[in-house]
Amino acid sequence: MSVALARRWLHAPARALLVVRSAFRRDAAMKAAPVIGMLVYAWATSAFVASSVDGYGLTASMRVISALPFVAPICAACSAWEVGRLRRGGIYDTTSCRSGLTVTARQIAPTLAIGVAALVESAVIVWPEVATGWMSPEPAALAMGLAVLVGHVAFGVVWGRVLPAVVAVPGSLVVSYAWLVYPPALNIPWIRHLTGFNDSCCLNIYKLAPGAVLAPIVLAVSVTAAAFLVLSVRSRVLAFGAALAVFASCLALAVSLVSGLGFDPVQPRTGAMACAGSFPRVCVWPEHARMLPEIAADAGQIAAVLSHYGLTVPQQATESIAPRPGPAWVFGIGLQDSPAQVRAQVAAGVAPSGPPPCAQHASWSAANSLMALQAWLLLRDGLSEATANNWVIPDAMAIVHRELAKPAASQAAWFRQAMHAATTCAAHSGPGLP
Amino acid sequence: MLKWDNVVFGYKKRYKPIIENFTYEMRAGVTVLLGPNGAGKSTLLGLASSALSPWSGRVLAGERDASQRGDRRAYRAAVGWVPQQVQVIPAFSVREQVAYFGWLKGYGRHEAWDRAGTALEKLRLADAASARVGRLSGGQLRRVGVAQALVHDASVILMDEPTAGLDPAQRAGFRDLVREVGEFADVMISTHQTEDLAEIAQSVLLIGDGSIRWDGSLPDFLGLADGASASQQAEAAYVRLLGSGL
């Protein structure tokens with residue numbers, strides 16, 4: 001080992017200490033880090049964040065990045081401050097051998113690192129709180145969160161490069177925060193999906209629509225590209241013209257990606273399921289796999305009841321809401337559900353869970369039939385009256401009690417008729433049906 | 001060596017250029033660039049530093065052309081520039097500020113840090129290395145500006161009105177500094193204060209309206225006029241030349 005190298009090794013700890021001390025003195029993000037850390041901790045440990053995750057990686061990932069409103073605006077303000085400091089220090093006008101882009105990247109690197117660390121902190125707190133076993137994170141959601149963070153930092157860069165610090169720093173903080181939290185509060189579905197912030201996403205029967213993932217990424221990339229242009233093109237007019245053009249075209253693309261989405265930017269979840277049994281074949285999402293034996297037994301029991309009454313037994317009982325041919329037996333369960341609740345969900349799943357799609361355009365008046373069907377299934381499955389009462393209104397229970405007093409063939413006929421009424425819009429009420 | 005080759009430059013295309021067909025090759029040692037306010041001194045240094053780009057013509061450091069993208073990095077590494085207003089990042093210490101300029105000039109962080117220490121020692125600023133640059137006096141700031149120009153071993157150092165705003169004691173100190181810097185780099189200093197040049201310059205370049213009015217050695221310049229002291233001679237020569245053509 002050379003003498004110079006040995007000296008460097010000997011000086012390394014002192015040098016590292018100096019670097020850390022200097023970073024705390026010089027970097028706005030280092031000063032802001034404790035505040036960001038505390039805000040993220042308070043948010044990530046709140047009851048809301050851990051609720052309704054149900055072992056689903058996407059929901060957990062979205063809860064992790066739901067800390068963005070506490071992270072991204074402060075990072076935007078820090079980057080505006082750092083870039084403003086370079087501007088005031090005349091660094092962009094010096095005869096540097098490094099490009100403005102490189103110089104800026106070095107200056108905002110700590111800010112970006114603090115932002116990423118805050119999201120990691122969020123993950124480290126949220127994950128153990130919500131995970132009930134192995135839970136794979138959703139890479140698309142996390143990538144979206146990172147892209148949004150980078151976009152907000154780039155936004156701060158543009159403001160810091162152009163405006164005086166007294167405007168750029170508070171301005172970027174407020175605008176960045178408002179952009180994350182205000183659009184999701186609006187009654188316009190598509191606008192809320194541009195921000196990348198969606199703390200209520202998603203039930204485990206859904207996955208994020210690709211447009212809802214891509215739109216915030218496209219916008220973040222456009223803001224980053226705009227910052228790139230502002231930093232690297234010498235002519236101000238040209239730089240701002242190009243930056244505006246890039247942003248406007250990306251905004252148009254992003255809007256087109258989310259314009260068809262409803263209030264929840266989701267589509268039916270697909271992917272591998274854990275399955276058991278053959279008639280019916282019971283399939284649940286992987287996070288519910290350990291409940292599968294009980295669910296398969298419950299499903300077998302209700303299938304036996306249906307067979308006893310000569311009713312059609314759907315071939316598959318599943319948690320997936322993806323459309324499929326044939327009669328649907330779709331149930332929804334949660335990890336926190338009691339065995340009785342699971343059994344009730346599985347039994348009631350034979351009946352539709354809500355109005356048919358045609359009800360959006362035509363009249364449908366079989367709500368009581370639907371509830372009566374569910375109540376009949378619960379009671380025939382051996383569940384208690386009290387459990388059934390929790391599911392349906394008294395009118396529906398009255399119908400069921402009348403039917404239960406009749407012979408099996410009559411009950412089967414009523415079941416078929418009620419099922420028809422519940423799944424179509426042109427159905428008329430039959431005997432015993434409201 | 002620095003060379004302006006048929007350089008044309010103006011700040012607005014719709015106006016007449018303020019530097020027209022300017023050709024000059026810098027001499028070794030310390031050259032003082034003289035001229036009245038508005039003569040184009042800062043513009044010439046700005047072009048030489050590559051902070052400005054000529055409309056036509058070339059500014060060369062050896063074979064490296066400041067306007068050529070491929071040459072610019074090497075050009076900027078060879079030329080150090082101390083602008084009229086030395087701007088700093090207030091939260092930085094003196095050594096951090098100088099090291100940062102070393103990094104800007106292409107060195108790695110560790111090397112820039114070591115070089116900053118050496119540059120500060122050269123300029124006898126080592127004691128102030130930990131001081132915040134935001135709290136320095138005008139004279140100390142100039143020294144930091146020079147340290148920034150020295151941190152990357154520039155072969156040419158350009159100083160734009162370095163003594164403007166300094167008190168007499170600071171100016172005397174600065175003249176000593178320029179003499180020291182002149183020992184390891186060629187220096188060009190713009191000023192309109194003739195009393196400074198007699199003690200530091202080996203060559204004089206006098207410009208007016210963006211073109212050369214006089215170019216030669218200091219003794220030749222001083223020989224243009226009589227005076228009791230070198231600075232009075234210089235002032236008289238300056239007035240005589242200005243009066244002859246400006």
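We use all heavy atoms of the structure for the numbers below, so side chains are in, but hydrogens, waters and symmetry mates are not. Just so it is clear: chains get the letters A, B, ... in the order the sequence lines come, proteins before strands, and each one is counted from 1.
Of all non-hydrogen atoms in Cys97(A) and Ala77(B), the two that sit nearest each other are SG-N, 3.7 Å.
Within 6.0 Å of the CZ atom in Phe174(B), the count of heavy atoms belonging to other residues, nucleotides or ligands exceeds 12. More than 12 non-hydrogen atoms from other residues, nucleotides or ligands lie less than 6.0 angstrom from CZ of Phe184(B). In the displayed structure, Tyr24(B) atom OH is contacted under 6.0 Å by more than 12 heavy atoms of other residues, nucleotides or ligands. For Tyr41(A), the OH atom sits in a loose shell: 12 or fewer heavy atoms of surrounding residues, nucleotides or ligands are nearer than 6.0 Å. By the 6.0 Å contact criterion, CZ on Arg236(A) is enclosed, its count of non-hydrogen atoms from other residues, nucleotides or ligands being greater than 12.
A distance of 4.5 Å separates CG in Leu86(A) from OH in Tyr100(B), rounded to the nearest 0.5 Å. Interatomic distance, CZ of Arg72(B) versus OG of Ser99(A), reported as 11.5 Å (0.5 Å rounding). The distance from the OG1 atom of Thr95(A) to the CZ atom of Phe101(B) is 8.0 Å, given to the nearest 0.5 Å.
When each of Gln85(B), Gln148(B), Arg109(B) is scored by its heavy-atom pairs under 4.5 Å with chain A, the top score falls to Arg109(B). Annotation: maximal heavy-atom pairing with chain B below 4.5 Å, among Arg106(A), Arg26(A), Arg85(A), occurs at Arg106(A).
At a threshold of 4.5 Å between non-hydrogen side-chain atoms, the residues Ser53(B) and Arg234(A) count as touching. Counting only heavy atoms from C-beta outward, the side chains of Thr94(A) and Leu104(B) approach each other to under 4.5 Å.
One N or O on the side chain of Arg76(B) and one on the backbone of Ser96(A) form a donor-acceptor pair closer than 3.5 Å. At distances below 3.5 Å, at least one donor-acceptor pair connects side-chain atoms of Arg98(A) with backbone N or O atoms of Trp103(B).
Residue contact with chain B, scored on non-hydrogen atoms closer than 4.5 Å, involves the side chain of Gln107(A) exclusively.
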